[in-house]
Amino acid sequence: MTERTQRVALSTLSGLLIASSLPLTAGPASLWPLAWLALTPLLWALRDLEPRAAFGYGLVAGWVSSVGILWWLADTLVSFTQVWLPLAWLILAVYALFRGLQLALFSWLYVRLGRRRALSVFAVAALFVVTEHFFPAILPTPLGASQHNALTALQVVELAGISAVSFVLVAVSATAYRLIAAWRDKTKVDWRQIAGAGLLVAATLTFGAVRLSSVESDISEARTVRVGIVQPNIGVFSKEAKHLSGMEQVRLLQSNILKLQASSAELEADGAELIVWSETAFIAFGNKYGKTNEHFAAAITTKGRLALWSDTGERFSWRLWEGDAPQPFKAVSAAREDAACAVGADGAAACWDGRGLAEVEVDGTPDLNAVAVVRTSGERARRPGVPLTLWAVGDEGALLRGDLTRLEPMPSGTTQHLRGIVMAKPGQGLVVGDGGTLITLYEDRVLATTSLGPEDLHAVFVAPDAGGAWLGGQGGAAFQITDEGWARAATDTQATLRGFAGMSSLQVWAVGDSGTVLRQTSPSRTWERVDGPDATADFVAASVDARGALMVAARDGRVWIRQSDRWSAVPLPAGAEGLVSLTWLPFSSYGYVPRDVRYLSQSTTPLPATLDPRDDTGLFDAQRNVVQRGFRTPVVFGAVTHPGAVDGYNSAVGLDADGRLAGVSDKSVLLPIAETLPTGLVYGLGMDGMHDLSADLYEFIPEASHFAAASEPAVIELAGARIGVMICYEDILSGPNLALADSNPNLLVNLTNDAWFGRTSEPWQHLALSTIRAVELRRSLVRATQTGLSAVILPTGEIAAQTALDVADTLLVPTPLMEGETLYGHIGDLFVYLCLLALLILGWRTRRPPPA
C-alpha cells in the first residue's frame, strides 16, 4: 500500500468514525464512543505534510463523514422531486464536498500552525471547535452532538454549549494520537499535556455526574404541566392535498383536521393541560374565522343604551357603551363584529364599527322596532370593511332600506305594526308583524304580503347557514318553512314566543313568556321544552354570543347564559336595568390565519362519531375550519399566518380555552430553497434595465415557499407556561435557542415536520440534535412532529417519552417547568471566541522570526 493510499484510508476512517457516532440508519442506534477517537486517524494522516496536501486529506475525511451522515438527502430528492437516482447522489456528493471543507480547513490550519512547533492537544481542540462553529453549514452536525446518549458528558453544554463537548472529544483524539506517535517514533511523551487532557475529561465527567443529580432533584421539585402531543401521521402529500382537486381535496383536508381534533379531545379527556400540534398542522380548505376586538355580543338596555358582552381578560361581562347615542334604541342587529346597528323611536338609528357609534340618517321619524344588517354575497363580505346593506321596520308598516349612512322608506303593502325582520341573503328576507303579517322581500322589493293567522308575530329567524327559517309570536304560534311553504309547528305552549337564536340550523332556540325555552335540533325538526333558568320569567330576547353560548333576557331585567347545559345569572353594569334586544357579534372571515386577530373561532358542533368528513358536509365553515372542536384545552399549533401582505410567516399560534390568541411566534431562520430563495439579486442590463434573478428562481422552483422571517423571538404565555418556540429545524441550531434565553421561557416547544424524510436516519438525527437545546437552557423541550419522532426531552437531555415513526399517536407527559439561568444562556458562545483569540495569538507568535 502506497503512502498516499494509507493517508486516504486513514482520512476515510476518520470520516466513518465521525459519521458512525450519529444515528446512521432508521433507528436510535449510534456508536457514540467512537467520537472520542474519531480524529486520531486523520491526525496521523496529516503527519509530515505541507498545508496544501493536508487540505486534501481533510477534505476526504469531511466528504466521507458528510455523505455518511446526510445520505438521506439523496433519498429525499428522489422521493419528492422525482430526480434520477444517480443525479440525486451527485447532488449529495457535491453538497458533501462543500461540508467537507470544514475538516479541510481544520487540517490546513493544523499543519500550517504546527510547522515550527507541534500544537498542544488543547490548541488542536480549539482549532477544531473554531472551524466547526464558524463554518456555514446549513444543517450543522457538531461532533459533540454524538454524545446525546452519553448524558454525563453532555452536561457541560450548560456552561459553554455543544462546542465544549467537541473540545473534549478532539482533545482526547489528539492525546491518543500523541501517545501512538510517541510509541511509534520511540520519542518522549509530554506527560503534562497527557495529564491535562486527563484532568479535562475527569472534570467534564465529574461535573456531568454532579449536575445530573442536581438537575434531576430540581426537576422533581418543579411545577409541572400535563402536555399532550398530537402526532397525526399525515404524510407530506396528504397534508396539503395539492394532488387532488374539488371535493376530494376538501374531504382529505377535513379528514386531517378531524384527526387532530379527535386526538386532542382524547388528550383533554385524559387530563391534558396543554396540547401541541406540529408545524403548519392547521391547513383548512375554506375560510377561517377570527375576531379583532373583545366584544362577542351586543344588546339594548331598557333605557335604550348600547351594551356590549365583552371579554375583560379574566371573565366575560356586560359593559355599557359610554359614547353619545342619538335617541333611545329599541333593537340591535349585527352582520359582523365591526357592524352592529341599532334603531328606535322617532327614526333613531346608529351603527357601531367596533370603535364608536355613527348616526344613520333616516327619512322621516318612524318608530322603528327591528333592524337587519345584511352582507353582500360571497365570503368576502364577512371580512372587515366590506360594504353592508341596512334594513329596518317599525310601526304602521314602516319599511326602510339603505346603507350604514342613510335609510330611505319603501312601500310595505301593510299598515300593521312590523315587529321583526331578518335577511337570509342580500335582497332576500322576511318581515313579521301584528295580525300574522308576513312580508317576503326579494331582490330588494316586496314580493308578497300575507297573513298567516290572527296571532301577532314578534320574532323571525333564519339560520346563519341558511338551513331553515322560523316565525313565532302570540299564543305559542310558531311556523317554519317546508318544501310546501310555511307550516304551523307544534310547540306545546300557549306563551307568546318573542325571540329565536342559534348559530346554525343544527340547533335553534325559541324563548318567550312564562319561562318558555324551546329547542329544535336537526334532523328531528320538532320543538322540545328545555328547563329554563326561571319558570316565572317572561323572556323578551335571546341570542347566542360568538362562542355559541345561549343568552336570554327577561322583562324584569334579569339575564342568564347557558353553557354546558347549565344556566348562570349574568350581572348587568350599573345603570342598566335590563336588556330588551340581543344580537351576537359574529367572527369575521379570512382566507388565511390572520396575525392581528385576538380570537379564533371555536366550534360548538360535536365531532362526527366516525370521523368521516362526509358527515360534516354542509357544515358552516366557522363550525368546521377551526382548531378547537371537541376540546377546549389550550393549544399551540403550527400554521402559515399572513399580515395581509404578500409574505406569510411559518408560525406557532397559541390559543387559550376561550379561543383567545395567547401569542404568535414566527420562524426566524428560514430553510433555503424550501422556504425562501435569494431575493434582490439582479443581472444584465437589457431593454428593461436590471433583471430580478429571484423571480426566475421562483419560476424554476415553483414549490419553493416565500416566507418572511421573524425579526425577534416571541414567548407565548399559555397554560401557566412561558413557551419559547422553535420551528422546523431551528432546534438543531443554537442561535434561536440563545435568542429565546433573554425572554426567560420555562418551557421549550419545537414544531416540526420530518415527513419529508421517510424512514431514514434524519428523524433520529433531528431528535438527537434537539436534546442539546434542552441542556443549553436547562428547560424541558416538547417536540411535536407530523409523522415522528415526537418527544418530551427533560432538562438533563434525557428523552422522557417519544413516539415511533410513521404511526398516529399521542403522548401525555407531566412536563417540568424550570426556572433560572445557565451560564451558556447568559454568555452564549464566548468559549468559541476565546478559543479563536488563543489561536490568533498562537498564529501571531508562530509568524515571529526565531530569536538569533
Side-chain angles (χ1 to χ4, degrees), residues 230-268 275-290 378-380 382 463-467 503-507 522-523 547-548 586-594 600-633 635-642 648 651 653 655 659 751 753 755 784-787 807-810:
V230 178
Q231 179 178 297
N233 195 34
I234 299 171
V236 172
F237 295 120
S238 297
K239 181 181 175 186
E240 298 187 24
K242 290 182 177 180
H243 60 295
L244 302 175
S245 60
M247 189 53 65
E248 287 184 331
Q249 184 183 41
V250 174
R251 286 177 176 168
L252 180 54
L253 291 176
Q254 182 59 20
S255 176
N256 294 345
I257 293 177
L258 287 171
K259 289 178 182 178
L260 291 161
Q261 293 166 338
S263 295
S264 299
E266 293 175 1
L267 287 169
E268 180 178 78
I275 292 173
V276 184
W277 293 1
S278 62
E279 178 187 11
T280 60
F282 181 54
I283 299 178
F285 186 91
N287 291 279
K288 295 84 179 171
Y289 290 82
E379 280 296 325
R380 285 189 57 84
R382 297 180 182 272
D465 60 1
M503 294 188 74
S504 72
S505 58
L506 298 178
Q507 182 169 260
S522 179
R547 302 170 302 160
F587 285 84
S588 297
S589 166
Y590 300 87
Y592 46 81
V593 178
L600 288 179
S601 178
Q602 297 173 309
S603 179
T604 58
T605 305
L607 292 167
T610 61
L611 297 185
D612 190 333
R614 289 173 294 186
D615 293 344
D616 278 353
T617 301
L619 266 190
F620 193 40
D621 277 356
Q623 293 294 311
R624 181 174 58 183
N625 292 346
V626 300
V627 174
Q628 290 167 305
R629 178 183 178 190
F631 73 102
R632 289 291 182 271
T633 301
V635 58
V636 175
F637 65 95
V640 176
T641 64
H642 284 263
S651 304
V653 181
L655 295 180
L751 312 184
N753 179 14
T785 70
Q786 196 77 4
T787 57
V807 295
D809 201 359
T810 60

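The first residue of the sequence shown is numbered 1, and numbering continues consecutively from there.
Considering only residues two or more places apart in sequence or on other chains, Ser255 meets the side chain to side chain contact (heavy atoms under 4.5 Å, CB included) condition with Lys259, Pro613. In this structure Ala463 satisfies the side chain to side chain contact (heavy atoms under 4.5 Å, CB included) test together with Phe461, Asp465, Trp470, Ser505, sequence neighbours excluded.
The nearest pair of heavy atoms linking Ser651 to Thr641 is OG-OG1, 2.7 Å. Of all heavy-atom pairs spanning Leu260 and Ala281, the tightest one is CD1-O, 3.7 Å. The two residues Arg629 and Pro608 make their nearest non-hydrogen contact at NH2-CD, 3.6 Å. Between Tyr289 and Ser589 the shortest heavy-atom distance is CE2-CB, 3.6 Å. Here the closest non-hydrogen pair linking Leu751 and Gly638 is CD1-N, 3.7 Å. Across every non-hydrogen atom of Phe285 and Gln249, the tightest pair is CE1-OE1, 3.3 Å.
Only one option out of Val276, Thr787, Val807 pairs with Gln231 in a side chain to side chain contact (heavy atoms under 4.5 Å, CB included); it is Val807. Screening Leu252, Leu253, Thr280 for a side chain to side chain contact (heavy atoms under 4.5 Å, CB included) involving Lys239 leaves a single residue, Thr280.
The structure places CD of Gln628 at 8.0 Å from CZ of Phe637, a figure rounded to the nearest 0.5 Å. Put simply, OG on Ser603 and CZ on Arg632 are 7.0 Å apart, with the number rounded to the nearest 0.5 Å. For the atom pair CG (Leu655) and CZ (Phe282), the distance works out to 9.0 Å, reported to the nearest 0.5 Å. With values rounded to the nearest 0.5 angstrom, Asn753 atom CG is found 6.0 Å from Glu279 atom CD. Here the CZ-CD distance, from Phe631 to Gln261, works out to 7.0 Å after rounding to the nearest 0.5 Å. Taken from CG in Asn287 to CZ in Arg624, the straight-line distance is 10.0 Å, to the nearest 0.5 Å.
Side-chain contact between Ser264 and Trp277 is present, with at least one heavy-atom pair separated by less than 4.5 Å. Proximity of Leu258 to Leu607: side-chain heavy atoms (C-beta onward) are separated by under 4.5 Å at one or more points.
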Inset, instruction - For Ile283 and Asn256, run side-chain contact (heavy atoms from CB on, under 4.5 Å): C-alpha distance rounded to whole Å, both residues' side-chain angles, the deciding distance at 0.1 Å, then the answer. - result: CA-CA 8 Å; Ile283 299 178; Asn256 294 345; over 6 Å; no
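The backbone N or O of Thr604 sits less than 3.5 Å from a side-chain atom of Gln623, completing a donor-acceptor pair.
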